[in-house]
Participant: 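Here it is, the structure, as structure tokens.
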Amino acid sequence: MEKKIVIIGAGGHAGVVKDVIESDGRYAIAGVIDARFAKGSLWKDGIYSLGGDEELEHVFEAGVGNVAIGIGQNAQLRFKIYSKLKKIGFKFPTLVHASAIISDSATIDEGTIIMPVAVINCYAKIGKFGIINTAAIVEHDCRIGENVHVAPGACVLGGVSIGNNSHVGAKAVIIQSRTVGENVIIGAGAVVTKDVSKESIIVGVPARSI
Ligand code: JB2
């Protein structure tokens with residue numbers, strides 16, 4: 001019997017997460033949790049809303065033991081939701097789209113979602129509940145912390161370290177062996193050539209702090 005999973009959030013990112021779950025093939029989607037959609041209303045493609053966050057404990061007690069965080073845009077919110085769901089007892093499977101290429105020697109922690117045609121090369125390590133988004137590349141030996149979002153088309157070259165809660169913008173490039181601190185935002189298209197200290201926002205080519 002397929003195991004059941006619930007998606008938290010029902011916006012744009014959740015739609016891609018739905019596709020990943022279906023492509024991954026190990027879980028049946030029980031519904032979405034989002035106060036924006038009334039309980040019992042159709043979300044999309046035969047998937048219904050189970051109500052808002054106040055329904056989470058009932059959903060868990062009803063036998064839906066797995067969860068996917070379907071909110072992409074806000075790292076703080078993702079962390080808050082992760083902590084709440086963890087307390088209830090949900091499991092956070094790693095979900096991988098069938099088109100992604102992942103080295104056998106790479107490790108990916110719980111709740112991280114690997115989107116279509118992403119590549120994760122050898123000995124890379126990726127922390128909890130992150131997003132490796134569409135067509136992103138995480139090269140060999142990278143160390144990616146928890147709750148990191150590598151946005152579509154970004155390229156993280158070999159041996160890079162990225163701290164918790166950081167965001168690598170779409171099509172950004174981080175040159176090999178650089179270290180990026182926690183809570184950093186790297187703008188879309190930036191080329192990071194130097195180490196980046198925590199809490200910074202950096203943009204441009206070559207990337208500079210703003
Ligand atoms: O606390 C919450 C909560 N806060 C917002 N609990 C639950 N269960 N749901 C919450 N939401 C819901 O997340 C909102 O009601 C909304 O439906 C959804 C966020 O949808 P939105 O489309 O605004 O953002 P997103 O995170 O799905 O997608 C953004 O980030 C992605 C990475 C967009 O910028 C996408 O284009 C981008 N690819």
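Just so you know, ligand 1 is whichever comes first in the structure, and atom 1 is the first atom listed for that ligand.
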Participant: Please tell me if atom 38 (N) of ligand 1 is touched by the protein, where touching means a protein heavy-atom distance below 4.0 Å.
Facilitator: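 It does not: no protein heavy atom is found less than 4.0 Å away from atom 38 (N) of ligand 1.
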
Participant: Is the distance between the ring centroids of Phe129 and Phe92 under 6.0 Å?
Facilitator: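 No, ring centres 6.0 Å or more apart.
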
Participant: Report yes if some N/O of Gly12 lies less than 3.5 Å from some N/O of ligand 1; otherwise report no.
Facilitator: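 Yes, since at least one N or O of Gly12 sits under 3.5 Å from an N or O of ligand 1.
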
Participant: Does the protein put any heavy atom within less than 4.0 Å of atom 12 (C) of ligand 1?
Facilitator: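 Flag for atom 12 (C) of ligand 1 set to true, protein heavy atom closer than 4.0 Å.
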
Participant: Of Thr134, Ile131, Asp34, which has the heavy atom at the shortest distance from atom 15 (O) of ligand 1?
Facilitator: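 Nearest heavy atom to atom 15 (O) of ligand 1 lies in Asp34.
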
Participant: Please lay out, stage by stage, how Ile201 and Val184 fare under the test side chain to side chain contact (heavy atoms under 4.5 Å, CB included).
Facilitator: CA-CA 6 Å; Ile201 299 176; Val184 166; over 6 Å; no

Participant: I would like to know whether Ile186 and His167 meet side chain to side chain contact (heavy atoms under 4.5 Å, CB included); could you show each step before the answer?
Facilitator: CA-CA 6 Å; Ile186 298 173; His167 178 94; over 6 Å; no

Participant: Taking distance alone, with N or O pairs closer than 3.5 Å, would you say Ile71 contacts ligand 1?
Facilitator: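 No, Ile71 has no N/O under 3.5 Å of an N/O on ligand 1.
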
Participant: Going by the atom numbers of ligand 1, which of them fall below 4.0 Å from some non-hydrogen atom of Leu77?
Facilitator: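 Near Leu77, the atoms of ligand 1 are 1 (O), 4 (N), 5 (C).
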
Participant: Which of these passes side-chain contact (heavy atoms from CB on, under 4.5 Å) with Ile126: Asp109, Ile162, Ile120, Ile131?
Facilitator: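 With Ile126 as partner, side-chain contact (heavy atoms from CB on, under 4.5 Å) holds for just one option, Ile120.
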
Participant: Looking only at distances, can you tell me whether any N or O atom of Phe37, backbone or side chain, sits closer than 3.5 Å to an N or O atom of ligand 1?
Facilitator: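 No; every N/O pair is 3.5 Å or more apart.
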
Participant: Please step through side chain to side chain contact (heavy atoms under 4.5 Å, CB included) for the pair Asn147 and Asn164, ending with a clear verdict.
Facilitator: CA-CA 6 Å; Asn147 197 20; Asn164 297 343; 5.8 Å; no

Participant: For atom 35 (C) of ligand 1, decide whether some protein heavy-atom distance is shorter than 4.0 Å.
Facilitator: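 Given the 4.0 Å limit, the answer for atom 35 (C) of ligand 1 is no, no protein heavy atom qualifies.
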
Participant: Examine the proximity of ligand 1 to Gln73 and report which part, side chain or backbone, both or neither, has a heavy atom under 4.0 Å away.
Facilitator: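 Both parts.
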
Participant: If you measure from each non-hydrogen atom of Asp53 to ligand 1, which part falls under 4.0 Å: side chain, backbone, both or neither?
Facilitator: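 It is the side chain that touches ligand 1; the backbone stays farther off.
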
Participant: Geometry only, no angles: is Asn133 polar-contacting ligand 1 at N/O separations under 3.5 Å?
Facilitator: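 No - when backbone and side-chain N and O of Asn133 are compared with those of ligand 1, no distance drops under 3.5 Å.
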
Participant: Need the ligand 1 atom indices (1-based, order shown) with element for anything under 4.0 Å from a heavy-atom of Gly72.
Facilitator: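 Close to Gly72: 25 (P), 26 (O), 30 (O), 32 (C).
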
Participant: Give me the residue, atom name and distance of the protein heavy atom closest to atom 27 (O) of ligand 1.
Facilitator: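 Closest protein heavy atom to atom 27 (O) of ligand 1: His13 N, 2.8 Å.
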
Participant: Counting only heavy atoms not in Tyr123 (residues, nucleotides, ligands), do more than 12 fall under 6.0 Å from its OH?
Facilitator: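 Result for OH/Tyr123: open.
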
Participant: Would Glu110 and Lys86 pass as an ion pair if we require N to O under 4.0 Å?
Facilitator: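 Yes.
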
Participant: Report, in ascending order of atom number, the atoms of ligand 1 lying under 4.0 Å from any heavy atom of Gly11.
Facilitator: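 So the atoms of ligand 1 that pass are 17 (O), 18 (C), 20 (O), 22 (O), 27 (O).
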
Participant: Just to be sure I read this right, does ligand 1 sit under 4.0 Å from the backbone of His149, its side chain, both, or neither, counting only heavy atoms?
Facilitator: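 Within the 4.0 Å criterion, His149 contacts ligand 1 through side-chain atoms alone.
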
Participant: Do Ser99 side-chain atoms and Val117 backbone N/O form a donor-acceptor pair below 3.5 Å?
Facilitator: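 The answer is yes, because a donor-acceptor pair under 3.5 Å joins these two groups.
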
Participant: Using the side-chain contact (heavy atoms from CB on, under 4.5 Å) definition, which of the options Ile81, Leu56, Ile88, Leu85 pairs with Val67?
Facilitator: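 Exactly one candidate clears the test, Leu85.
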
Participant: When you look at NZ of Lys44, are more than 12 heavy atoms from neighbouring residues, nucleotides or ligands closer to it than 6.0 Å?
Facilitator: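 Above 12, so yes.
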
